[in-house]
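Counting starts at 1 for both ligands and their atoms, following the listed order. The structure displayed is predicted, hence computed values, not measured ones.
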Amino acid sequence: MNVLLTGGAGYIGSHTAVELLNRGCDIVIADDYSNSSPVAVERIRQITGRDFPAYHADVTDREAVRRIFRENKIDCVIHFAGKKAVGESVKIPLSYYRTNLDAALTVLECMKEASVSRFIFSSGSLNPIPYREDMPRGECSSPYGTTKAMIEKILEDACHADPALSAVLLRYFNPIGAHPSGLIGEDPQGIPNNLLPYIAQVAVGRREKLTVFGGDYPTPDGTCRRDYLHVMDLAAGHHRAACYTMEHPGVTAVNLGTGTPYSVLEVIEAFRKASGREVPYVIGPRRAGDLPEYWADAAKAKELFGWQAQYTLQDMCRDTWAWQSKNPQGYPKA
Ligand code: UD1
């Protein structure tokens, strides 16, 4: 199976690339490196000992995408490319709608021209809910979330119109961790929005202390609880989804998660143990928009794909630390 990964140099894309190559798939990467590094592509080659084509391409550029399909026999597309900062999307919504919808539509149209009919949408979290795949999508809390919901709807309509088309909508909440080698990992630009990159940068000395957003939630220790998932488990889920599309036309949404939530304080403690470093923190006010707790019901992934998360929270923290301690400033700048 030859899989095109749009946004394949990014955090989840690069780990999925490693998983696919290790499972014997061929891959092609397309990435514009606007929020990722070409160094990640070299690291994927280093980890797997395998070579593959990588295009420096913006997938809203139709000619660039056509060329990729012309030059490679693609069986399946896993679509990661898109803008993904929740807060930024509230400030510049048009840019989010333009980029994310344009990218998905361009790839889908070029797939049709090239008679490629299998598509995995790395949808992520639309909104904290739905917990279960069959719940209505409802209103999203940000333009970013809305672009995800709109692309899911586009895929449903496209699959309805074309019985040969197969699409899996993968939903997940909080991917963390890194490849155990520490060669690839999450490399946010600027001040991290998300918990684990922030903790890791405190532990490595790049930032002084963490602010825990809220200590008075109705949870066992007063801090929010989330379904953290090792990015290698998430990558394995993407591989299973790609295999699934080979046999199953139509569209289906599938959650990927552990089903077990951990609180912010539990994550800090697990990270302290895994890294041997202190993580100084203060409890601050709540962050607007945060829900007390949520987690995925991952029963459907087990039933359809035989997929279940394997890594523990301790593993996630160990591998985040392997990445951060080996790459304190992230990927080297070109
Ligand atoms: C966010 C995104 C979600 C995305 C996910 C990726 C929102 C509403 N959702 O989820 O779309 O898929 O990241 O991992 O933004 N926290 C602190 N201090 C910090 C940072 C975070 O206490 O400096 C807390 C938050 O309050 C939250 C938990 O840590 O309780 C996790 O936060 P974060 O990593 O930002 O993820 P989510 O908000 O769950």
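- Close approach of ligand 1 to Phe213 (heavy-atom distance below 4.0 Å) involves ligand atoms 16 (N), 17 (C), 18 (N), 19 (C), 20 (C), 21 (C), 22 (O), 23 (O), 26 (O).
- The shortest N or O to N or O distance between Val264 and ligand 1 is not under 3.5 Å.
- Residue contacts with ligand 1, taken as heavy atom pairs separated by less than 4.0 Å, involve Tyr294 solely via side-chain atoms from C-beta onward.
- Less than 4.0 angstrom separates some heavy atom of Leu210 from each of these atoms of ligand 1: 18 (N), 19 (C), 23 (O).
- Looking at Asn174 against ligand 1, both its backbone and its side chain come within 4.0 Å, counting heavy atoms.
- Between the side chains of Asn100 and Thr147, a donor-acceptor pair is found at a separation under 3.5 Å.
- Those atoms of ligand 1 with a heavy atom of Asn193 less than 4.0 angstrom away are 20 (C), 35 (O).
- Not one N or O of Tyr144 is nearer than 3.5 Å to an N or O of ligand 1, by distance alone.
- Close approach of ligand 1 to Asp290 is summarised as follows: ligand atoms under 4.0 Å from at least one heavy atom of the residue are 25 (C), 26 (O), 38 (O).
- Both the backbone and the side chain of Leu195 come within contact range of ligand 1, each with a heavy atom under 4.0 Å.
- Ring planes of Tyr311 and His230: parallel class, angle under 30° (limits at 30 and 60°).
- Every residue two or more places apart in sequence or in another chain that forms a side-chain contact (heavy atoms from CB on, under 4.5 Å) with Gln329 is listed here: Arg206.
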For salt bridge (Lys or Arg N to Asp or Glu O under 4.0 Å), just list the numbers for Glu63 and Arg67, CA-CA rounded to whole Å, side-chain angles, deciding distance to a tenth of an Å, and then say yes or no. CA-CA 6 Å; Glu63 275 318 309; Arg67 182 175 153 220; over 6 Å; no
Test salt bridge (Lys or Arg N to Asp or Glu O under 4.0 Å) on Glu88 and Lys91 and set out the steps. CA-CA 5 Å; Glu88 184 185 60; Lys91 293 191 188 113; over 6 Å; no
Please set out all donor-acceptor pairs under 3.5 angstrom arising from side-chain atoms of residues 75-84, sequence neighbours excluded.
unit_1: Asp75; atom_1: OD2; unit_2: Asn2; atom_2: N; d: 2.7
unit_1: His79; atom_1: ND1; unit_2: Thr6; atom_2: OG1; d: 2.8
unit_1: His79; atom_1: NE2; unit_2: Ala81; atom_2: O; d: 3.4

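- Close contacts between ligand 1 and Val212 involve ligand atoms 22 (O) [criterion: under 4.0 Å to a heavy atom].
- Inclusion of Thr211 in the set of residues having an N or O under 3.5 Å from an N or O of ligand 1 is warranted.
- In this structure, Arg286 forms a cation-pi arrangement with Tyr217, its terminal cationic atom sitting closer than 6.0 Å to the ring centre and no more than 45° off the ring axis.
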Any chance you could lay out the ring-ring contact (aromatic ring centres under 6.0 Å, His included) test for Tyr244 and Phe305, step after step, and finish with the verdict? CA-CA 7 Å; Tyr244 181 86; Phe305 303 163; 5.3 Å; yes
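- Using a 4.0 Å cutoff on heavy atoms, Tyr228 counts as a contact of ligand 1.
- Under the 3.5 Å distance criterion, with hydrogens and angles disregarded, a donor-acceptor pair is assigned to the side chains of Ser122 and Tyr172.
- Between Tyr172 and ligand 1 there is no heavy-atom distance shorter than 4.0 Å.
- For ligand 1, the atoms closer than 4.0 angstrom to any heavy atom of Cys224 are 30 (O).
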